[in-house]
Structure formats: structure tokens, C-alpha cells
Amino acid sequence: GKNNYQNEELTFKIATGNDWWFHAKGIPGSMYCEIRRKRASGPHLRGSCRAGCYYSKGRENEKVEIDYVQKKQVKKVAGAAPGFVIYHTNYSMMATPSNQLEELPS
């Protein structure tokens, strides 16, 4: 999703509980992206983190911290604007912004 309405739809209407959800830490309005698999490998995680950086407002930064967690840990905040969420038990990874796709194992 590239805006709060797309993020809301992606997170709560399309994603399932075991999908992986990514967000640039501390950067409001940044893109969410997801991996549609229960077990994500290192290359999948790194690729999603790089894309999350690139399509966020942190694109110009050398490195961006990305939080990631399974979608089932992401909760809507009652009465908050669309796309505003909270999450717990997340992991974090530093990543360099890139929109270059790489060959990943299936």
C-alpha cells in the first residue's frame, strides 16, 4: 500500500494471520509491504525490508530501520485514522533503500 487507505485494505482485508508485515520504523505514512508465506527466509526478509525503505519517506536515507511482524500481531486502533495500527513482539532490521528486485528462492 502506498497510502493509509491502501495500507488498511492490505493489512486487514487481504493479509492473513501468518503473512509478514513490514513498516519503516518512526516514519509516518510510509508503505507497508507483506510476504504471503508462513516462513520467510533471510533473502525474502531483506528484499522486503529494502523495498519498504525505498517506497517510504525514508527513501533518501542511507539506512532505514524496518519493523516486521506476522500480521496477526498488527491491531487497528479504535477511532484512529485509516492505516494507523499498533503491533507487538516485532523484529527489526536495518536496510538500504532499493527497488531492485533480486532472484529469490521459491
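Just so it is clear, the values below take in all heavy atoms, side chains as well, and ignore hydrogens, waters and symmetry mates.
To the nearest 0.5 Å, the span separating CE on M93 from NZ on K25 amounts to 13.5 Å. Here NZ of K13 is found 12.5 Å from CD of Q6. Values are rounded to the nearest 0.5 Å. Rounded to the nearest 0.5 Å, atoms CD (Q73) and NE2 (H88) are 8.5 Å apart. Between the CD1 atom of I14 and the CG atom of D19 there is a distance of 10.0 Å, given to the nearest 0.5 Å.
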(message) Quick one, W20 with K71, criterion side chain to side chain contact (heavy atoms under 4.5 Å, CB included). Give me CA distance, side-chain angles, the key distance, then yes/no.
(response) CA-CA 6 Å; W20 287 91; K71 187 272 175 188; over 6 Å; no

(request) Would you sort out whether F12 and V74 count as a side chain to side chain contact (heavy atoms under 4.5 Å, CB included), showing the intermediate values? (result) CA-CA 9 Å; F12 297 108; V74 179; 4.1 Å; yes

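Within the 4.5 Å cutoff, no side-chain heavy atoms of W21 are placed close to those of N90. The shortest side-chain heavy-atom distance between I66 and S92 does not fall under the 4.5 Å cut-off.
Side-chain atoms of N7 come within 3.5 Å of backbone atoms of N3 as a donor-acceptor pair (strictly under, hydrogens ignored).
Linking ILVMFWY side-chain heavy atoms closer than 4.5 Å, directly or via other members, places Y91 and V64 in a single hydrophobic cluster.
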Side-chain donor-acceptor pairs under 3.5 Å in residues 75-87, sequence neighbours left out?
from : atom 1 : to  : atom 2 : distance (Å)
K75  : NZ     : K72 : O      : 2.8
K76  : NZ     : E8  : OE2    : 2.7
Y87  : OH     : D67 : OD2    : 2.7

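Among residues two or more places apart in sequence or in another chain, the side-chain hydrogen bond (donor to acceptor under 3.5 Å, both in side chains) test is passed with E9 by none.
Among residues at least two apart or in separate chains, there is no salt bridge (charged side-chain N to carboxylate O under 4.0 Å, His left out) pair with a member in residues 84-95.
The two residues G58 and P97 have their closest heavy-atom pair at O-CG, 3.9 Å.
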